[in-house]
Structure formats: C-alpha cells, structure tokens
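Chain identifiers are assigned alphabetically (A, B, ...) following the order of the sequence lines, protein sequences preceding nucleic acid strands; residue numbering begins at 1 within each chain. Please read these numbers as outputs of a predicted model, since none were measured by experiment.
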Amino acid sequence: MQLKHLLLLSGLMLAGYSAAEPAYELAPGFIKPPPGRETIGNGHGEIAVDSAGNIYVSVQEADAGIQVYGPDGRYIKTLKLPDSLHGFVVRKDGDGEYLFGAVLKEARVIKAKLDGQVVMEIPTSAFPAAQRDYVTVSKATGDKDGKGRPKTTPIAAGVKKSDNGKEIVLTLADGTEKVIPKEKGVNAAGGLKLTNCDVAPNGDIYVVDGYGRSHVFIFSREGRFKKVFGGPDEPYKFANTHKVFIDRRFEPARVFCCDRGNKRILHTDLEGNLLGVIATDLRNPSSASFHGDLVCIAEIAGRVSVWDKEGKMVAECGTNPSTTNTPGIPPKDWQQGIVTSPHGISFDNDGNILETEWNQWGRVLKWNRK
Amino acid sequence: MFPLLLCCLGLLAHPSSSQGHGSEFIVARLAVQAPDRAVSLRLAVDYLSNPLVPDEAAAEKALRNALLVLHDGKATPFAQLAPLKLEAVDGWDDTIPASLIPPPDGEQHRMLVASWQWRPDSPEIAFGVARGNRNDVLLWRLTDRGEAKSVFLLGGDTSPPLSIPRPASLWTPPAWVVLPTTAALSVLGMLAIRKRRCCQGGLG
C-alpha cells in the first residue's frame with residue numbers, strides 16, 4: 001500500500017516536472033529540399049506553419065520567395081512571392097488564412113493567400129513621412145582617406161521635405177527647417193528597412209523597421225496607418241529590433257519585441273506602452289513563436305531557447321559552443337543538431353520547433369517535443 | 001630547438017563571418033608579432049549598413065570602446081593601453097577571413113578601420129567585451145597553417161586566454177654543443193695546470 005502511494009507520488013512528480021520543463025530532441029534530416037537540390041537555397045528569412053501543418057520557408061530567390069513543405073518535411077511547391085520576405089507569419093484573418101510578410105528590399109508589406117496570390121499591400125507611401133523620409137545628410141570634409149576617397153561627416157539628420165537637386169530641405173527634430181545646398185559631396189541616406197510584421201486579434205497589422213530605426217507601425221486590417229511607436233529614443237531605446245510578434249498568450253494580447261541590438265526581449269501593450277523587459281543578455285534574439293504558454297526564440301548568435309509565460313528559460317536546443325552569427329558556414333561544416341545562425345523560428349501545431357538559419361545554402365532544423 | 005616564442009590562442013572551433021543586413025558587429029583581426037611579443041588588432045566596423053552604427057562618428061566610438069584587455073588581474077579598455085590609428089576603407093579587404101566574405105547582398109558598406117598594437121605586461125591576456133556594450137566583436141586570427149579561427153564575443157563575454165611566454169632573451173646552446181665544449185675546456189684547463197706546475201718546478 002505504501003509502495004503504491006510512493007509510486008503514485010513519483011509519477012505525479014515526474015508528470016509535474018515534465019509539464020514544467022519541456023524537452024526536445026533533434027529530428028535529423030527533416031526537411032527534404034526541392035528535387036535536384038542538396039539544400040533549400042539562400043536563407044535570410046522566416047519559417048511558419050499553417051493550420052494544416054504545412055511549412056512555409058522564405059528563401060532569397062527571385063519570384064520564388066517561399067517554399068512550401070508538407071508536415072512530413074517533403075517539398076510540395078514554391079510560391080511566386082518576393083525574394084526578400086525577411087519576416088512573415090501565417091495567420092487566420094476573417095474568412096481565411098493568409099501570409100503576412102515584410103518585403104525588406106522593397107520596404108512594403110504584403111498579405112497573400114496561401115497559394116501565393118497577393119490580396120493586399122501596404123506600400124512604402126502608406127508609412128508616415130517622419131520615419132519613411134528620415135535621412136542623415138553627410139558632406140565631404142575635404143580630407144581623403146588612405147585610399148584617396150573623400151571623407152565625409154554627418155551635418156544634419158531629419159525628415160527630408162524636399163530635394164530639388166540643388167538643395168535638400170530637412171525638418172529637424174525641433175520643428176525648424178534646414179536648407180542644405182546640394183554641393184558636390186553632399187549626400188542623404190536613410191529610409192525604411194522593414195523586417196517583420198504580425199497581426200493582432202482585431203486585425204491590426206504591426207510592422208517593424210528593424211534594420212532601420214526600429215519603429216513599430218500599426219496599420220488597420222485594410223492597410224490604413226494608425227500609429228507608430230518605438231524607435232531609438234526614450235523610453236524605448238530600441239536598437240535593431242529585428243522582429244515583433246503579437247503575444248496572444250496574454251489577454252489582452254501584447255507586442256513581443258525581439259530587441260536584438262540590446263540583446264533583450266520586451267513587451268508593450270497593443271498601444272505601444274512599455275510593459276517590461278522579459279529577458280536580457282540573450283544571444284541576439286532574432287525571431288519568436290508561441291505554442292500554449294511557451295515561446296521559442298531564435299538567437300542568431302548560436303542558440304534556440306524556450307521560455308515559459310513567466311519569463312523563465314525552460315529549454316534550449318542546438319546551442320553552438322562557439323557563438324556564431326554568420327551566413328557563411330557551408331554544409332560540409334554543419335554539425336548535426338548544432339545551430340549556426342538562427343534567424344527564423346516556428347512551433348508547429350504539435351509544439352515541435354522548426355528553425356531556419358541565416359545561411360547562403362539554406363538550412364532548416366527541427367526538434368520534436370519529447 | 002628554440003623555445004616557442006608564443007603559444008597563440010586556443011581560439012576556437014568555428015569560423016564565423018561578418019555581415020548582416022547587418023554588418024552589425026565589429027570584426028577584429030588578431031596577430032602576435034613574435035620578435036617583440038607585440039599583440040596587434042585590426043578592427044573594422046561598417047557604418048553604412050549597420051543599424052547599430054549610423055555614421056562615422058558612431059563608428060569611431062564603437063571602435064574605441066570595442067574591447068577590454070584582461071591582463072595582470074585587471075580589465076582595461078584596450079584604447080587606453082595604446083593609441084588607435086583610424087582609416088576609412090570601402091571594402092572588406094583583409095578585415096575578415098577571405099573565405100567568409102559575405103555574399104553580395106545589395107547593401108553598400110563603408111568601413112572604419114582601427115589599427116592597434118600593444119606589448120603585453122603579463123604572461124597571459126584575454127580580450128573581452130564590456131557587459132552592456134551593444135557592439136559584438138568577431139575576434140579572429142590566422143593560424144600558422146593559414147586557417148582562420150574565430151570567437152564571437154557578446155557583451156560580457158571573454159575570449160580564451162592568449163599566452164605570452166617570456167622573451168627568449170639569451171641563446172641556449174644545445175647539448176651537442178655544450179658537452180664537447182665543456183670537455184674541451186676541461187682538457188685545456190688541465191693542460192694549463194700541468195704546464196704551470198712544470199714551470200713552477202723549473203723556477204724552484
């Protein structure tokens with residue numbers, strides 16, 4: 001009788017332990033690349049799973065930006081979508097399921113059916129000028145560097161109001177205007193570099209300028225601009241906020257920000273008000289995905305981690321003992337189950353983890369939940 | 001035959017490279033000059049396609065604050081130990097291993113490069129990145145076999161130690177020189193003593 005109780009207690013303890021601490025095991029060679037190819041192709045993007053379990057991976061290939069695989073990892077088809085879908089999600093919206101993606105090279109957002117038909121676009125022109133047209137103007141100092149090239153120095157930064165070829169007019173932070181003669185050696189650079197988007201329960205679309213100044217833009221379901229928050233200034237002090245996601249583990253949902261340059265994860269509410277920092281000192285958090293109360297995070301400097309709702313890390317996968325962050329590791333140097341540069345990540349519908357890497361040859365790893 | 005002057009780093013298993021859509025970290029090439037035990041670095045940072053470093057002034061600041069040197073029980077900002085020589089370059093040049101030059105990504109890059117050289121004051125040093133420093137550092141060196149070895153340092157990280165053995169101050173003759181020479185000197189010494197005794201006897 002006592003032994004029975006002991007066994008029961010042990011069983012309960014084990015069950016409790018396994019519920020609290022999920023464990024994962026590698027599924028070697030899960031993804032089967034398209035016929036005739038050894039690898040999937042140049043990867044600098046994302047991975048997502050639809051409600052049927054099909055897997056979508058972005059690759060940098062012209063008019064073939066998304067590859068679709070079955071739940072068993074077998075290649076199904078390629079979608080004719082842009083080649084720089086740096087960040088995307090698959091979400092149910094209204095009457096259907098769609099792919100929402102940020103097209104990095106074109107500074108726009110698309111909404112597409114899962115067969116690749118684009119049904120809505122947020123063009124660059126829909127973004128507010130204060131961020132879209134923000135530039136830094138530099139001019140030549142008159143000195144030359146060791147290679148005889150003119151050295152430049154920044155002279156002003158602000159919103160470009162006009163550029164008629166003879167002068168650039170900027171609106172500065174204090175609201176004043178600055179007219180800069182466009183002499184030889186004067187140059188303006190800036191603009192949006194959109195890296196990801198996600199969709200809130202009310203249909204609003206959140207877009208981040210992660211390779212730009214890390215502002216988060218909110219658009220309506222129809223693509224009408226509503227609000228902007230974040231950026232490099234107080235109170236956010238975002239830096240290379242690589243991707244943002246809507247964290248539906250909470251009610252109301254929150255914005256989950258992978259603030260990569262600061263190596264931290266933080267939450268804001270859906271209005272952009274800071275709620276708090278969840279984790280610091282990560283290995284450059286680049287992407288995330290949710291399943292139940294868990295979130296998995298792709299850390300580009302060499303780790304996949306899993307965190308619970310309280311902000312505690314409960315598992316890690318594929319950790320590279322020598323931190324990495326490179327697209328240049330060829331297949332011959334890949335080590336089974338060891339990540340190189342995790343860039344995109346998704347749970348599948350069973351809570352298994354799929355990860356895609358920043359890699360010229362293209363690499364996807366999968367860990368099954370034990 | 002000669003003692004090894006430097007037992008260089010055990011740096012590391014995996015080659016890494018730079019870039020990003022971001023070349024969003026600093027690349028630092030490490031070398032150790034054998035004759036004078038000087039440690040040199042050539043650091044480069046991109047300030048045109050780097051979301052963390054928006055302009056040349058920020059690039060210079062990032063380079064000046066890039067590394068700490070851990071030496072003799074202290075952690076000293078490397079730029080306090082020796083001056084930095086800055087120059088602008090327009091390509092990756094030899095700032096990263098040739099095999100790891102990023103693929104063309106349509107991005108323009110403009111690099112600021114800093115050269116630094118210092119003679120360590122302790123037999124072992126390491127490099128670190130200060131906690132909270134946003135600019136990661138890819139520290140790399142070429143081995144004697146021409147192989148690139150690297151370690152990627154995030155804020156709070158420290159590299160494996162770099163051993164700087166004592167300078168080889170005097171030439172130590174090998175045994176095949178020492179033994180015959182000693183024997184010859186001994187024989188010469190004995191002959192000299194005998195000769196002196198001989199001479200002394202003659203005088204007496």
Distance from A/I300 atom CD1 to B/F25 atom CZ, nearest 0.5 Å?
8.5 Å
Just how far is it from atom CG of B/N50 to atom CG of A/N240, taken to the nearest 0.5 Å?
8.0 Å
A quick test of your reading: do over 12 heavy atoms of other residues, nucleotides or ligands sit less than 6.0 Å from CG of A/D63?
no
How close do B/L52 and A/G261 get, counting heavy atoms only, and between which atoms?
CD2-CA, 3.8 Å
Side chain, backbone, both or neither: which part of A/A189 has an atom under 4.5 Å from a heavy atom of chain B?
neither
If I compare all heavy atoms of A/Y211 with all of B/P51, which pair ends up nearest, and what's the gap?
O-CB, 4.0 Å
Decide if atom NZ of A/K184 counts as having more than 12 heavy atoms of other residues, nucleotides or ligands within a radius under 6.0 Å.
no
Would you indicate whether the side-chain heavy atoms of A/K263 and B/D136 approach each other to under 4.5 Å?
yes
Under a 4.5 Å heavy-atom cut-off, does chain A meet the side chain of B/N133, its backbone, both or neither?
backbone
Which distance, rounded to the nearest 0.5 Å, do you find between the OG1 of A/T280 and the CZ of B/R131?
8.0 Å
When rounded to the nearest 0.5 Å, the distance separating CZ of B/R134 from CG of A/D259 is 8.5 Å
